[in-house]
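Read through the structure below, which is laid out as structure tokens, and then see the notes.
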Amino acid sequence: MQSNPLELTLCGIFLKNPVIAASGTFGFGHEYSEVMDISRLGGISGKGLTLNGSAGNKGMRVYETPSGMLNSIGLENPGVRHFVEHEAAYMRTLGPAVIANLGGHCEEDYLEGARLLNNADIDILELNISCPNVKAGGMAFGMLPDTAADITKKVKAVSKHPVMVKLSPNAPDLVAVARACEGAGADALSLVNTFLGMAIDVKKKRPVFENIYAGLSGPAILPIALRMVHQVAHAVNIPVVGMGGITSAEDALKFLMAGAVAVQVGTMTFADPNAMLSIIDGLAEYCAQEGLANLQEIVGII
Amino acid sequence: MQSNPLELTLCGIFLKNPVIAASGTFGFGHEYSEVMDISRLGGISGKGLTLNGSAGNKGMRVYETPSGMLNSIGLENPGVRHFVEHEAAYMRTLGPAVIANLGGHCEEDYLEGARLLNNADIDILELNISCPNVKAGGMAFGMLPDTAADITKKVKAVSKHPVMVKLSPNAPDLVAVARACEGAGADALSLVNTFLGMAIDVKKKRPVFENIYAGLSGPAILPIALRMVHQVAHAVNIPVVGMGGITSAEDALKFLMAGAVAVQVGTMTFADPNAMLSIIDGLAEYCAQEGLANLQEIVGII
Amino acid sequence: MAIIKSNSEIASAIWRMTVSGTPLGRAGQFFMLRVPGALDPLLGRPISICEIDAELGETTFVYQTVGRGTAQFARLLPGQEIEAQGPYGNGFPLKAGRAVLIGGGIGTAPMLQLAKELHASDPTRMIDVYLGFREEAYLEKSFEQYADSVTRNIGGYVVNDVDFSLDATYYACGPAPMLRAAASAADEASANLFVSLEKHMACGVGACLGCTCQTEHGRKRVCKDGPVFDYREVRDAI
Amino acid sequence: MAIIKSNSEIASAIWRMTVSGTPLGRAGQFFMLRVPGALDPLLGRPISICEIDAELGETTFVYQTVGRGTAQFARLLPGQEIEAQGPYGNGFPLKAGRAVLIGGGIGTAPMLQLAKELHASDPTRMIDVYLGFREEAYLEKSFEQYADSVTRNIGGYVVNDVDFSLDATYYACGPAPMLRAAASAADEASANLFVSLEKHMACGVGACLGCTCQTEHGRKRVCKDGPVFDYREVRDAI
Ligand SMILES: Cc1cc2nc3c(=O)[nH]c(=O)nc-3n(C[C@H](O)[C@H](O)[C@H](O)COP(=O)(O)OP(=O)(O)OC[C@H]3O[C@@H](n4cnc5c(N)ncnc54)[C@H](O)[C@@H]3O)c2cc1C
Ligand SMILES: Cc1cc2nc3c(=O)[nH]c(=O)nc-3n(C[C@H](O)[C@H](O)[C@H](O)COP(=O)(O)OP(=O)(O)OC[C@H]3O[C@@H](n4cnc5c(N)ncnc54)[C@H](O)[C@@H]3O)c2cc1C
Ligand SMILES: Cc1cc2nc3c(=O)[nH]c(=O)nc-3n(C[C@H](O)[C@H](O)[C@H](O)COP(=O)(O)O)c2cc1C
Ligand SMILES: Cc1cc2nc3c(=O)[nH]c(=O)nc-3n(C[C@H](O)[C@H](O)[C@H](O)COP(=O)(O)O)c2cc1C
Ligand code: FES
Ligand code: FES
């Protein structure tokens, strides 16, 4: 029997292909399951969770920019308990690997959240220390190697799931943060989260967002994200999941060649719900054309 | 007599409007003078100079990305002496304020370049410590507060021209670098130079650029550049010149409201040579509509 | 992919575009429209169904050119393709009995299909239509085939023209001040009012949480749980 | 802003677009074409003048759809606008006497206007045209009105068809391997050869230094100092 050239193992978890829906852009799967065949995805990273849930930020939340968008959702989410009780089991029925994305405002939030997630049938815990849109915590944990390593170590100590740490492109020294997380026991890294950006409503003479700054994603950031993935993948020995502006199979191949074992796709799904399926098809075609037994052969060749 | 609402003084230099052609995107004025009325510009920042000139980088040099472009020109330039002897006087005839952009590979390059520029009739020296495309020096000087302050202080000591330091968005702590330059005597700051990015040629399985990384500019970066200008303008008391992806009068107004006294426009000129003229017209219209005696009234209102 | 059948300006900065090749929706639902291929503008633009021709399989949109996305739509010619994702959203409930439709500006657009459906579901029903415009009326004539009365207001407050004391269901779509005025009037008269809300959207399907608002029943997404709400539920979000 | 008069596929993935409203250039010059308004694709695409109709004031381009920019051009319909900045570049020198034109693939396009100008400037001049295509020929017929001979090669090496020992000026445009082969042949025969080079461009006017190449006379910009060069000057850059 021909094996599937797209399959891979990430943190010991089987993925039928390296295309994962990015956290915060796919809910917990309900919505897009109505418009596309989401069972074909390699994985789904659910909306970022916080211990007690949150109503998110006030005011404008999404704003388009050239080939990108700013968001200031602020981790609106139903809380970890709700996820464990109501969403995790549903996500399991979908087929793709189940990734829970965990944010937090303080250390205890993260640890309690991670403990609760031990009761959920998920595959990977994505530790989000890079959300730029919450006031306390969030990105703050991901800015410096020490704090990033500290929270990683502590979450690893309580979690029974593999931990993939999601890094912020806004970190002053991203490579140092990556190495620190690796040293602290992270099973994998994912990057990038959104870039801190700003929009101004010239007519109103006001920032568009109540928090003034917001997170930039989409094709606009791809060149910078790709550079960062390349830097990080060459600096650590744990698997790296790359993202930032991916729109096509060709874009996904760039991240793989730069060293990512898998990719996540966020903003492009908003523009075209079928984008991830086209990417999967395109990657399969690429393997056939190039005669690759497994796509992982090209990982990190650059 | 009605005064011109767009005029301003930058480092003691009169500018008839706040729209300046960005360094490296306008040569020394010759080329665009054939396709547009460049006398209408507020200023022109010439191509980045190095002491002895340079043939620039090999291989691919420009590459389009979503709403942006990567460049790896590598400061191809005829050298400071050539500029002083052949270009400065020509630039003076054009009308706009004349800014010489000075790069360097080591301290002595910068200092000797600055000394030579004392013999040129220029208005402002833009100290480029942020070019990501040269191997030695360039951006390295702009990454840390100490090195940035050191070179700023030394150049200030030898230069008879006002010194505007051009900052790199790749600096780990941009605000600290800005403050350090201010402390070292910089007369003004300009930002941002290009973001370090990467492109991969999937077909060739190779980086597009020989230097692997290159500099990202254009509308794609506007939200990040705007955030940085806002941060820096609020952290220093010297004038800030903002740039990064400006395409329209509305974009220019965003930078002014965020705290920049003037703007530079680079990549958009490539896409539309008349973009800066449209911006100037749009700013004048804005002043009329809003009844502003001088556009500077809106600087930093956000 | 939808194919553009016609696309022309029907009033100053107001365009009507008819497309074929999309699933047919119902009144109050919308499509995310997007020019294929380009990455900028990147996201779809939510545009309401203005009229459905089920026989021809065609959907008509009426849109105002306000920014880059809609300006780009206006440059499209018949024969060209446009991505139309949808139909998304809940649509207007077709309540029995008399109906009063209030459209303000471009909010007039979804009211036309609503009038059509209300009329089709019960041709004997009374339908009164109130349309408010700042300067120039459009679409007005199209309502006449379905409505018993069409009242037009140019430059004034259309809500002031409406009698909210009828035994009827009220439907409103338009700018926020108009909806707030309608809500106040409905409050006073204890009228049943459904409003269609607008929020900046990224996904249109309920996944990004870009368009959520606080309602009586917790946070809801305008794109997925709306855009049509009983006004009492979303009073603070209007 | 130029207006599109016609735009249609003349061979597989090869399109011919005629526009009005641009200044008229000359053979070997190019325009930076760009779809107005959109910020992506952002930069203009350099496309050579293929034919000028001075009477009608129209310029024709022939382009191959290879990426997003050219794919977008192919979606444009007559009546729509396109930004055409230019004409830029130096163009081909019209040398006296016999002329041999060699076009490879889409490099055929600028040769047509060159043939036209050579013929117009001296109708008695001998013009031999050699066209190479990978699979399918195009534009071939159009050359017949100006040329004394048109030789076509499909799937082979067009340069091999050319006799470089004539007392003639040779002009070549096409893929780099073809130009290199032509350069070698010209070397051997000491022929006069002008080549049109291609480089990725950002500005098209000589300001960005994105397209410079090393020449015998220092660094030159393909867009401004070229794209046409005496092949001896740019031997290392081909
Ligand atoms: C459910 C719904 C139905 C709509 N139906 C119609 C309709 O039938 N006809 C019509 O003309 N308009 C309608 N609108 C408004 C329309 O979506 C916006 O005018 C349009 O998105 C503006 O895009 P732009 O690129 O031209 O403007 P820009 O201002 O350049 O847009 C920039 C960004 O802001 C968003 N945006 C700007 N204004 C609005 C707005 N009012 N609502 C939501 N997003 C906005 C855009 O989608 C885009 O992401 C509807 C909006 C919603 C939410
Ligand atoms: C002076 C000159 C004249 C030309 N004349 C013609 C012509 O008449 N007909 C024609 O079909 N093509 C011509 N080309 C090539 C044409 O410019 C490219 O095929 C086109 O830019 C590709 O754009 P794209 O968006 O479809 O491809 P993409 O690959 O998506 O383009 C991405 C970027 O790369 C650049 N690029 C890609 N390929 C080339 C190339 N071969 N040369 C320069 N830049 C490139 C694009 O301009 C763009 O910035 C000419 C090139 C030059 C330099
Ligand atoms: C609307 C929106 C919401 C997001 N929410 C989260 C989140 O909850 N947790 C998280 O780790 N990342 C979140 N992200 C970041 C994405 O997962 C991803 O890192 C980023 O968008 C870059 O990828 P893209 O360019 O493909 O969108 C969000 C992004 C967007 C656009
Ligand atoms: C092709 C190119 C060459 C550049 N060369 C220089 C340079 O020589 N010196 C410099 O300080 N900045 C240089 N820059 C950076 C621009 O001056 C500007 O900081 C940057 O492009 C952001 O502005 P933009 O988005 O408007 O282009 C260059 C940019 C481009 C695109
Ligand atoms: S637009 Fe994404 S949730 Fe409504
Ligand atoms: S393309 Fe800019 S110098 Fe040639």
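Keep in mind that the numbers below use all heavy atoms, side chains included, and drop hydrogens, waters and symmetry copies. Note on naming: letters A, B, ... go to the chains in the order of the sequence lines (proteins, then strands), and numbering restarts at 1 for each one.
C:Gln85 places a side-chain N or O within donor-acceptor distance of the main-chain N or O of A:Ala271, the cut-off being under 3.5 Å.
Note that OH of C:Tyr88 is 11.5 Å distant from CD of A:Glu31, once rounded to the nearest 0.5 Å. In this structure, CE in C:Met201 is found 13.0 Å from CZ in A:Phe270, a value given to the nearest 0.5 Å. Here CG of A:Asn274 is found 9.0 Å from CD of C:Glu83. Values are rounded to the nearest 0.5 Å. Interatomic distance, C:Cys211 SG to A:Met60 CE, rounded to the nearest 0.5 Å: 12.5 Å. Here the CG-CG distance, from C:Leu209 to A:Asn57, works out to 11.5 Å after rounding to the nearest 0.5 Å. Here the SG-CZ distance, from C:Cys208 to A:Arg61, works out to 9.0 Å after rounding to the nearest 0.5 Å.
Around CZ of A:Arg206, the count of heavy atoms belonging to other residues, nucleotides or ligands within 6.0 Å does not exceed 12.
The shortest heavy-atom contact between A:Thr25 and C:Ala207 is O-CB, 3.8 Å. Across C:His200 and A:Val62, no two heavy atoms sit closer than the pair O-CG2, 3.6 Å.
When C:Cys213, C:Gly44, C:Gly218, C:Ala202 are compared by the number of non-hydrogen pairs under 4.5 Å with chain A, C:Ala202 comes out ahead. Interface check for chain C: of the options A:Ser72, A:Gly56, A:Ala55, the most heavy-atom pairs under 4.5 Å are formed by A:Ala55. With chain C as partner, the option from A:Pro273, A:Gly218, A:Gly266 having the largest number of non-hydrogen pairs under 4.5 angstrom is A:Pro273.
Using a 4.5 Å heavy-atom threshold, the side chains of A:Ser67 and C:Leu42 count as separate.
Annotation: residues 73-90 of chain A contacts chain C through A:Ile73, A:Glu76 [non-hydrogen atoms, separation under 4.5 Å]. Within residues 224-238 of chain C, the residues having any heavy atom less than 4.5 Å from a heavy atom of chain A are, in residue-number order, C:Lys224.
Only the backbone of A:Thr65 comes within less than 4.5 Å of a heavy atom of chain C; no side-chain atom from C-beta onward does.
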